[in-house]
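Just below is one structure, and these are the notes that go with it.
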Amino acid sequence: MRVCVIGTGYVGLVTGVCLSHIGHEVICIDNNEEKVKLMQSGQSPIYEPGLSELMQSSAASGKLTFSTDLAKGVQHGEILFIAVGTPPLPTGESDTRYVEAVAKGIGNNLSSDYKVIVNKSTVPIGSGDWVRMIVLDGASEGSDSTPDISFDVVSNPEFLREGSAVFDTFNPDRIVLGGNSDKALAMMSELYQPIVKRECAEDKSLPPVPLVLTDLSSAEMIKYAANSFLATKISFINEVANICDRVGADVVQVAKGIGLDSRIGSKFLSAGIGWGGSCFPKDVSALVHTADDYGYNAELLKAAVSVNRHQRSIALEKLQTELKILKGKTVGLLGLTFKPDTDDMRDAPAITLIEELNRLGARVKAYDPILSQSGSSHGLSGVMIEADAEMLADDCDAMVLVTDWQEFLKLDFQKMHQLMTNPLIIDGRNFLDRSNLESLGFRYIGIGH
Ligand SMILES: NC(=O)c1ccc[n+]([C@@H]2O[C@H](COP(=O)([O-])OP(=O)(O)OC[C@H]3O[C@@H](n4cnc5c(N)ncnc54)[C@H](O)[C@@H]3O)[C@@H](O)[C@H]2O)c1
């Protein structure tokens, strides 16, 4: 099928690349010229395992092209994905101005050929009808007569995880399609057939991927409810960890013990220094805001946010307990990104930690496997980015593990111990081998562990 994906960030680019890999003819549109030039030269603007290779092979086969020309994209696609960002406003609402600009642009360029317009961006509940209205407005611009256009809007929320986005696209737990047009839903189901049939799945013997066909608002709500549930689950285990710290229990054992209960499940039960990233914080806030708009006080979700706010200071509290005065001390951060295997720093807990350490007069250094490679500051201030973990350890009064990158398990901690002024490690993800570190002479402190 002919597909146009508008917005080539973590979601749009992965979607475009994966759809071209399963045989569709995809054009990816972005209004960032530099990004488009980079992609046209065969390079991915984001770090995502496996993405560059697939992108290059699809481009070489002619199934995948990149452009800044929205009109060309709209003309090409039978299915038009809107995959631009919906960042949070200071009020907690989603900023939908990028979706609006794209919907208007689509409207400006529609012809009588039938199109399915897909909201892949995470958009507030009710956005399906709103996008329809904006597209119609766009189509009417500059004309007095009723435009001769034909389209339907579908909501197709995305559940991929940064760091395993390509894998998740080919191995989804479900595909959600919301809309009120049978024709549009049938086209979307056909688009995803190779994925539904697990043709690119790691385990091809699995039953077909469930398709959840529903109405627009329910599809939009599924996305917010899923992220809010996962964020709440992490806040729950973080709260348990904080109680464990006080009573002398070990949250890692507790999580294992409760996670084996099939009603609970073991995923998203890792205690740590809080959730972050480009999705959880903004999606939970947006749902709280929507509930407020409709006269409902979402108390549980507000508590999940509040627990998380406190959790982001937990490493700082532990540093203060151990080191007392932080002014003039040097703290090294192992990892910066909000999770491993990504270069995304949006709303990463490291940012809060850096700000708070700076405020208290500490000197902050950091090493991150991906960000350190590029030699840029990534918009961060108040932190010196080191080229490797040993340079990070040099002169540190403490190190905090912020991100659980696999490569941190293989660091030469013996050498790092010699280089540190004071061998203290706060393990913000309960990730490192405590007994090994203690045998090397480190003081090890986990989170409820
Ligand atoms: N990142 C994730 O893990 C993830 C997962 C699920 C859902 N989502 C949702 O998907 C959406 C996209 O997220 P993302 O992380 O990919 O965002 P992103 O910021 O990485 O990418 C957005 C892209 O859209 C482009 N863009 C903005 N305005 C444009 C316009 N008018 N025309 C063409 N391109 C334009 C930007 O240049 C950028 O390349 C958001 O709504 C997000 O909530 C994200």
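Heads up: numbering here begins at 1 and tracks the sequence. On a predicted model such as this, the values are computed, not experimentally measured, just so you know. Atoms within a ligand are numbered from 1 in the order they appear, just like the ligands themselves.
With respect to atom 27 (C) of ligand 1, the closest heavy atom belonging to the protein is V84 CG1, 3.7 Å. In this structure, the protein non-hydrogen atom closest to atom 44 (C) of ligand 1 is V11 CG2, 3.2 Å. Distance from atom 24 (O) of ligand 1 to its nearest protein heavy atom, with residue and atom name: G7 CA, 3.4 Å. Ranking protein heavy atoms by distance to atom 41 (O) of ligand 1, first place goes to T86 OG1, 2.5 Å. For atom 7 (C) of ligand 1, the closest non-hydrogen atom on the protein side is T122 OG1, 3.6 Å. Among protein heavy atoms, the minimum distance from atom 21 (O) of ligand 1 is reached at G9 CA, 3.1 Å. Given atom 33 (C) of ligand 1, the protein heavy atom at minimum distance is N31 N, 3.3 Å. Protein heavy atom closest to atom 22 (C) of ligand 1, with residue, atom name and distance, is G85 N, 3.6 Å.
R161 does not count as a contact of ligand 1, since none of its heavy atoms falls under 4.0 Å from the ligand.
Geometrically, ligand 1 and Y10 share a nitrogen or oxygen pair separated by less than 3.5 Å. For ligand 1, none of its N or O atoms has an N or O atom of D344 under 3.5 Å away. In terms of polar-atom proximity, E162 is counted as a contact of ligand 1, with an N or O under 3.5 Å from an N or O of the ligand.
Residue contacts with ligand 1 for S278 involve side-chain atoms from C-beta outward but no N, CA, C or O (heavy atoms, distance under 4.0 Å). By the criterion of a heavy-atom distance under 4.0 Å, neither the backbone nor the side chain of L13 is placed next to ligand 1. Residue contacts with ligand 1 for R346 involve side-chain atoms from C-beta outward but no N, CA, C or O (heavy atoms, distance under 4.0 Å).
In terms of the side-chain contact (heavy atoms from CB on, under 4.5 Å) criterion, residue partners of S150 (sequence neighbours excluded) are, by chain and number, Y114.
The environment of K72 atom NZ is sparse: at most 12 non-hydrogen atoms of other residues, nucleotides or ligands sit within 6.0 angstrom.
The pair K318-D245 meets the salt-bridge criterion, since a charged nitrogen lies less than 4.0 angstrom from a carboxylate oxygen.
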